[in-house]
Number of protein chains: 2
Amino acid sequence: MTTQWVYSFGAKESNARPDTQGPVKNLLGGKGANLAEMASLGLPVPPGFTITTEVCTAFYKNAEQYPAELRAQVDAALKKIENAVGVKFGDAKNPLLLSVRSGARVSMPGMMDTVLNLGLNDETVVGLATSSGDERFAWDSYRRFVQMYGDVVLGVSHHDFEDILDQQKRDDNVFNDTDLSADAWKNVVAEYKALVKRDTGADFPMNPVDQLWGAVGAVFKSWMTARAVSYRAIHDIPEDWGTAVNVQAMVFGNMGDDCATGVAFTRDPSTGENYFYGEYLINAQGEDVVAGIRTPQSLTILGREKEGSNLPSMEETMPGVFKQLDDVRQTLEKHYRDMQDIEFTVQSGTLYMLQTRTGKRTSAAALKIAVDMVGEGLITKEEALLRLEPQALDQLLHPTLDPAAHKTILTRGLPASPGAASGIVVFSADDAEAMAKDGKKVILCRRETSPEDIHGMHAAAGILTTRGGMTSHAAVVARGMGRACVAGAGALQIDYETATMRVGDRVVKAGDVITIDGGAGEVMLGAVPTVQPELSGDFATVMQWADDVRRMGVRANAETPLDAKTARGFGAEGIGLCRTEHMFFDPTRIQHVREMIFANNAPARRDALAKLLPAQRGDFAELFEIMRGLPVTIRLLDPPLHEFLPQSDADIAEFARIANIGADQVRMRLRELHETNPMLGHRGCRLGMTYPEIYEMQARAIFEAAIKVDVTPEIMIPLIATHRELAVLKKLVDETAVAVFAETGKTVSYTVGTMIELPRAALTADEIAPDAAFFSFGTNDLTQTTLGLSRDDSALFMNDYLRQGVFARDPFATLDIDGVGQLVRIAVEKGRKVRPDIKLGICGEHGGDPASIAFCESVGLHYVSCSPYRVPIARLAAAQATIRENAGKKPDAVKRAA
Amino acid sequence: MTTQWVYSFGAKESNARPDTQGPVKNLLGGKGANLAEMASLGLPVPPGFTITTEVCTAFYKNAEQYPAELRAQVDAALKKIENAVGVKFGDAKNPLLLSVRSGARVSMPGMMDTVLNLGLNDETVVGLATSSGDERFAWDSYRRFVQMYGDVVLGVSHHDFEDILDQQKRDDNVFNDTDLSADAWKNVVAEYKALVKRDTGADFPMNPVDQLWGAVGAVFKSWMTARAVSYRAIHDIPEDWGTAVNVQAMVFGNMGDDCATGVAFTRDPSTGENYFYGEYLINAQGEDVVAGIRTPQSLTILGREKEGSNLPSMEETMPGVFKQLDDVRQTLEKHYRDMQDIEFTVQSGTLYMLQTRTGKRTSAAALKIAVDMVGEGLITKEEALLRLEPQALDQLLHPTLDPAAHKTILTRGLPASPGAASGIVVFSADDAEAMAKDGKKVILCRRETSPEDIHGMHAAAGILTTRGGMTSHAAVVARGMGRACVAGAGALQIDYETATMRVGDRVVKAGDVITIDGGAGEVMLGAVPTVQPELSGDFATVMQWADDVRRMGVRANAETPLDAKTARGFGAEGIGLCRTEHMFFDPTRIQHVREMIFANNAPARRDALAKLLPAQRGDFAELFEIMRGLPVTIRLLDPPLHEFLPQSDADIAEFARIANIGADQVRMRLRELHETNPMLGHRGCRLGMTYPEIYEMQARAIFEAAIKVDVTPEIMIPLIATHRELAVLKKLVDETAVAVFAETGKTVSYTVGTMIELPRAALTADEIAPDAAFFSFGTNDLTQTTLGLSRDDSALFMNDYLRQGVFARDPFATLDIDGVGQLVRIAVEKGRKVRPDIKLGICGEHGGDPASIAFCESVGLHYVSCSPYRVPIARLAAAQATIRENAGKKPDAVKRAA
């Protein structure tokens with residue numbers, strides 16, 4: 001059987017859908033499939049045909065030769081167009097003109113886009129002038145064709161064509177292209193052709209069939225341009241997908257006042273409101289709508305009124321055609337069951353549909369459309385959930401820049417924590433706090449932040465750093481607090497001494513006002529107005545649907561009462577990670593922490609810890625109260641002790657004075673505790689192993705607080721590498737529980753488990769699980785160790801790595817499934833093997849990332865835990881993951897747990 | 001069938017070997033097995049019996065109850081002793097006395113050792129006085145028994161017994177125990193018994209059978225003392241091994257001048273010389289030989305003459321018994337086929353053998369004994385190889401402390417690089433170099449070392465650091481250079497400003513002389529004499545045998561000509577790791593390296609690199625010449641660039657002057673390049689990805705050098721985490737090769753491969769292997785990342801971790817097989833699956849560690865690579881690994897490759 005390489009559409013006799021195994025899109029490409037789809041719905045599509053993606057694949061498999069049957073099939077398909085339109089390709093009197101467009105499964109930069117007006121030559125242009133009755137139109141069309149074809153097919157520089165055009169306008173002393181006469185265009189065409197001859201050594205092809213094959217070949221060759229190849233490498237698009245080529249009869253919206261062209265959305269893409277939203281221009285081409293020379297007019301009376309425009313709508317000027325178009329809108333929405341972005345042209349009173357595709361929309365619109373469509377019975381709740389982009393919900397939770405506002409961008413960094421904020425530039429946490437107390441909004445600008453800056457970060461409206469990545473301290477804390485943050489703005493140089501920062505020769509001083517957009521990673525000069533979002537009723541509706549569907553629980557990473565309240569407000573079902581060290585930095589406590597560090601022996605350490613105990617107990621009591629009835633996972637002390645020591649000369653002197661020791665002694669201890677690679681140093685459970693009294697105090701504080709509130713503390717031991725560490729420390733916690741229960745005569749149920757955040761822990765999970773009631777995957781550190789990549793230092797080369805396709809996405813933002821994910825999978829399997837009921841969760845930053853959440857669902861984790869502002873995102877993403885996972889599984893195979 | 005819980009020995013009718021599945025030692029313990037073995041050889045062993053290790057296990061499984069049949073079996077065995085000796089246990093006239101000893105499979109601290117003279121009481125002591133004709137002897141024996149039993153069985157403090165004895169001597173005004181009379185001993189016994197009554201609330205047991213069961217119970221209970229439990233945890237000894245109990249008839253060497261006692265080695269344990277080496281004392285007990293009150297005499301005339309002693313030898317005083325003993329020596333060596341350490345007693349002219357076990361020996365002796373025994377036909381070459389401790393060869397390659405010398409130990413650190421060295425204390429690399437130029441021997445003392453200290457380390461005789469572990473920079477470089485090194489001496493505080501270091505109140509200044517022993521980790525005040533070793537002919541013989549046997553190749557980690565020559569001299573079969581960065585630190589080159597780092601763009605970087613090219617090419621040419629005919633694996637630049645920048649103010653100023661830029665600019669670049677965790681930072685192939693011109697220059701230098709020498713360069717890309725990195729960089733290397741070959745018209749064969757040193761690389765080895773001709777396991781970094789443990793920072797808590805049994809051995813010294821080994825195994829399997837011929841090696845420090853080498857054999861690596869001074873160790877260890885592996889495999893299953 002001969003392979004069918006060419007599929008016709010729009011010519012009445014040939015609207016059959018191809019008989020293919022995969023989606024039609026795989027064979028015809030996105031554009032071709034939609035054209036065929038519209039044609040099969042009986043919509044007025046200019047007739048055409050699609051050369052399939054399989055031709056592209058065959059072309060490259062066969063040393064850039066087309067399949068033998070292709071030419072005959074194209075000839076036949078062309079014949080069908082001629083028959084449908086009633087004019088002939090290359091006809092000197094009334095020529096058929098074609099458009100040629102590429103069309104892969106997904107739109108892809110680096111691919112040839114479009115050649116219009118193909119079929120014109122020195123002969124047919126005269127025919128077009130006659131048949132259209134407009135010589136200027138015909139020659140303008142011809143010169144456009146020569147320019148497009150010369151550029152994209154023959155590789156002649158676009159600029160050289162523009163130079164010729166500019167010279168013509170200079171000669172004729174006109175400003176707009178539209179002011180050039182037919183003769184001027186004739187002259188331009190002649191010079192264009194001379195340019196092509198000069199540049200390529202060959203005449204511009206006059207034979208329409210040669211033109212067609214030239215354009216088809218250019219599309220296929222553009223599949224292998226460097227840009228397309230590297231785009232595919234980065235986006236994991238297989239080379240053998242190939243591209244299709246769409247050849248279609250030209251229609252013209254610029255042949256008179258019964259002609260028009262326009263673009264439209266089937267609903268308002270900004271608000272989601274269900275009315276026909278679009279623009280049109282009478283006697284114009286598609287590119288005129290975009291170019292902005294003439295003001296496009298609204299399609300509908302309602303649209304015109306909303307915009308306060310007095311230009312007549314299409315509903316008024318062309319009521320018949322409009323009615324037809326509005327019917328098309330209904331048909332398309334019913335068929336595609338989603339909001340569509342369409343292009344159309346009216347030629348001499350006849351409507352033609354040139355394109356339809358799923359319309360892009362704002363987050364608010366996406367939400368409203370999804371909810372409305374469920375209400376209208378168009379889609380199911382599950383479909384509605386899958387339609388929404390979880391990340392986009394962020395826009396709904398934070399202030400955003402007023403899209404209408406003017407902005408002067410100073411520099412860019414990583415979009416580390418969403419939201420926009422304006423404020424006065426300060427360079428220290430203390431300044432931030434002091435100015436905030438005076439009621440001023442500030443942006444805290446630091447090379448990087450450390451736990452000592454927490455109070456300043458809290459006081460600031462936004463945080464800007466010049467170093468560090470998406471999971472740097474600044475980024476993580478800012479997301480946790482819901483502060484806007486731009487991190488790792490590497491071009492910016494901060495000089496603390498002169499209290500200035502600069503990009504090139506632009507200098508910003510302390511006291512100046514800047515604006516940062518943590519969703520876009522932009523830093524702007526001055527105050528750019530922002531708009532406050534509102535959580536609409538649709539938002540609550542969608543969250544409820546998500547909760548009804550999802551299998552995994554969603555918890556929050558939170559330790560402050562504010563964070564915990566925020567998290568519960570956003571629907572968190574518990575705390576998955578309470579980092580106890582943040583509690584140690586409180587100014588009233590840090591002195592005791594430091595005393596503990598300076599203690600020479602265990603009894604002295606115990607004395608210092610005894611002073612911290614009431615405060616820790618109070619922290620936990622408050623947190624448990626807020627999370628009453630829910631599980632709270634508390635991680636025992638994790639960071640290396642040197643993080644708690646004073647660093648600046650002034651702080652050292654002050655501490656030495658209070659502690660009544662020499663500043664030299666403080667410096668010596670600092671030196672002793674200094675680490676080359678603190679990430680891999682004396683931290684996590686290693687502290688508990690060498691200073692068991694610290695963990696003992698923390699466990700005591702937890703139990704003493706928990707016996708007063710209905711809560712299930714889950715005590716988490718960090719940085720376990722070996723089963724013996726967990727065995728030793730679990731015993732310590734259990735013994736402390738026994739002691740507290742004996743003293744108080746009360747008990748609480750609690751569990752002890754561990755972070756899995758080192759490769760060794762994952763690999764030996766079967767040895768660790770017997771002592772662990774739960775595993776919580778600490779994927780931040782697991783990513784750092786598995787990839788040997790410091791999240792604080794990777795910003796310097798991460799862009800290089802993303803650009804070169806080493807990582808498709810920043811592995812600190814989206815879980816590296818092939819590497820880190822493999823360890824998670826190993827740990828899950830080994831852990832479950834020896835302890836089938838082990839509770840499994842994730843508490844790294846990935847717990848709030850939709851792609852990572854899908855992975856968590858696939859390995860069957862019980863919950864994800866993320867920063868409070870990501871809880872809604874995680875709820876939706878978890879729901880999507882369940883729906884997608886169930887699509888490949890029997891329902892109820894896995895049960896929900898929190 | 002009734003279990004046999006008790007095995008008799010020495011009583012003629014009962015010398016049958018137990019019929020057991022495992023080695024006899026598992027059932028009877030080490031001591032019991034050897035006693036039974038000697039008895040079965042017909043040697044004169046005092047009769048006795050062993051209660052098996054299974055009783056111990058049963059005891060703990062059954063709530064500390066003995067098996068029901070035990071008592072009857074013990075009674076029967078006791079009867080056999082009585083019959084053999086002809087006296088009865090508890091007989092008032094002529095009592096049988098017993099010794100009771102523990103005996104696990106391996107000797108273990110914390111276990112009950114020995115109770116002697118058991119069976120004495122107020123009645124039998126009188127009988128013993130009569131039967132021995134020596135009342136003083138009888139009462140001395142009795143008081144010894146009460147003291148030993150009171151201490152180890154009843155838990156009465158040893159000191160309280162000593163106090164009573166001291167008081168008695170004070171009362172009688174005598175200095176030595178031996179001067180106390182029979183009556184004095186009677187008095188002591190009375191007071192001892194009163195003490196026991198006071199302390200335990202019960203009378204000292206008078207019934208010999210009660211005494212026996214008390215002692216047996218004490219042995220079993222000592223299996224569970226805290227010290228024994230923690231020793232087992234640390235040494236991975238299973239609890240269910242249990243201990244045996246040995247009960248044996250007492251014999252006395254102190255009943256007159258026809259009595260004697262002694263200890264001996266069947267060969268000289270210091271030199272290995274084949275003569276009977278030992279000491280004896282007439283009319284003495286075993287403990288008298290050890291106590292040193294009387295001077296022990298040599299067994300043989302030869303020994304007496306060697307020692308220049310005029311005390312008569314046993315060969316002269318007791319020729320008959322000596323002849324018998326010398327026969328025993330021959331019998332034991334033939335039977336055990338190894339040098340034995342024996343204990344014997346002569347009672348009234350009759351020889352009794354009390355113990356035999358494999359004798360400890362020096363490395364030199366071990367070597368000589370092994371070679372001699374092969375010559376004597378006692379053992380095979382394979383057995384000889386297995387007898388040798390590879391690590392111990394180190395002693396033969398480096399100077400050692402004169403064992404006779406007095407030493408004042410200042411402090412201890414890690415034994416980081418073997419050898420002993422004395423020298424003048426200096427605190428900077430520059431000082432070390434300057435003084436060495438003046439012909440002085442120096443010890444370089446640093447908190448830690450960095451690549452900038454290399455010249456000073458080279459100039460020093462030894463290196464001492466206060467921070468860092470077994471694989472810290474100092475340790476690795478020192479081992480590579482063969483310099484003595486004590487690392488991580490944490491108690492030592494170095495103050496560079498005052499040029500002093502101190503431990504407590506002991507201060508050492510620059511200019512003082514110290515001695516370090518890098519094999520023992522000791523730091524001593526002053527100059528302690530050292531002795532130079534010689535590599536004897538036996539050494540070469542053993543190395544040849546090892547080479548004949550081993551499957552794996554042995555290469556060296558070396559980059560300097562000196563190291564490479566040393567390595568080849570030690571038998572290295574190529575270079576497994578040439579670290580190119582060391583070549584960058586040369587003072588004549590570092591300036592160009594820094595220029596390269598300060599270059600603002602690729603062309604400027606290329607200019608600076610062009611200046612480095614001739615030097616790099618020269619390095620490689622020299623190295624290839626030394627390694628002619630052998631493979632050389634070259635790792636492209638690995639460390640982060642900031643390591644090359646000046647750090648001190650003076651160096652910064654100097655560099656700024658030469659480079660004609662501001663010191664501020666230098667500091668700014670330093671800040672930009674600063675990393676929080678440099679181990680996980682912008683290094684390894686990440687440099688090649690962002691600055692491809694660096695790797696291009698290095699590849700060019702390699703190819704330009706290689707085309708002139710017969711060598712196979714293996715170009716190794718470090719720190720690969722993803723397959724894409726290797727693909728990109730392999731392409732770069734291949735393109736450079738094509739260019740050099742085209743320019744020169746010559747080609748060389750070369751391969752490109754990668755370090756596997758990140759967990760992700762191991763986990764995705766199947767993706768990486770298609771572009772890698774070889775994998776070299778960089779287990780230093782793989783250990784750091786898998787365990788999340790910085791080798792530079794782990795010293796602070798590693799001792800805690802070893803003590804608590806978290807690690808059996810420092811994972812930077814011996815590969816963590818459960819964790820890191822699992823990743824190696826995964827990588828080997830995945831790599832081989834897609835590329836069966838992939839060459840596999842290891843180049844981390846573990847490549848020179850015998851236990852790790854055994855693991856490498858088990859996963860089938862092709863070679864190990866280690867520092868030059870470890871090459872002989874690796875050759876032996878690899879041979880042992882092959883022999884052991886083949887014991888469990890068909891021969892020739894795997895072939896040797898280099």
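Residue numbers start from 1 in every chain, and the chains themselves are labelled A, B, ... in the order their sequence lines are given, proteins ahead of strands.
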Heavy-atom cut-off 4.5 Å, strictly under: side chain, backbone, both or neither for [X] against chain A?
| X | answer |
| --- | --- |
| B:Glu675 | both |
| B:Val728 | side chain |
| B:Asp816 | side chain |
| B:Asp818 | both |
| B:Glu757 | neither |
| B:Ser794 | neither |

Margin query: At a heavy-atom distance under 4.5 Å, which candidate from A:Leu789, A:Leu673, A:Thr466 has the highest pair count against chain B?
Written below: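 The option with the most such pairs is A:Leu789.
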
Ranked by heavy-atom pairs below 4.5 Å to chain B, first place among A:Gln784, A:Glu448, A:Arg447, A:Met668 goes to A:Arg447

Is any NZ, NE, NH1 or NH2 atom of the basic residue among A:Arg683 and A:Asp781 found under 4.0 Å from an Asp or Glu carboxylate oxygen of the other? yes

Under 4.5 Å, counting heavy-atom pairs only, tell me which of [options] racks up the most with chain A.
| options | value |
| --- | --- |
| B:Ala727, B:Gly788, B:Ala721 | B:Gly788 |
| B:Thr676, B:Thr690, B:Leu758 | B:Thr676 |
| B:Leu787, B:Asp800, B:Leu719 | B:Leu787 |
| B:Ile826, B:Thr786, B:Leu823 | B:Thr786 |

Counting only heavy atoms from other residues, nucleotides and ligands, does the tally under 6.0 Å from CZ of B:Arg667 exceed 12?
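Yes, enclosed.
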
Heavy-atom side-chain contact between [X] and [Y] under 4.5 Å:
| X | Y | value |
| --- | --- | --- |
| A:Val828 | A:Phe777 | yes |
| B:Phe855 | B:Arg825 | yes |
| A:Leu641 | A:His682 | no |

Residues at least two apart in sequence or cross-chain that pass ring-ring contact (aromatic ring centres under 6.0 Å, His included) with B:Tyr801, listed by chain then number, are B:Phe797, B:Phe807

For B:Tyr695, the ring-ring contact (aromatic ring centres under 6.0 Å, His included) test, sequence neighbours excluded, returns none

- [ ] Dump the intermediate steps for side chain to side chain donor-acceptor pair (under 3.5 Å) on B:Glu767 and B:Thr764, then the final yes or no.
- [x] CA-CA 5 Å; B:Glu767 296 176 10; B:Thr764 59; 4.7 Å; no

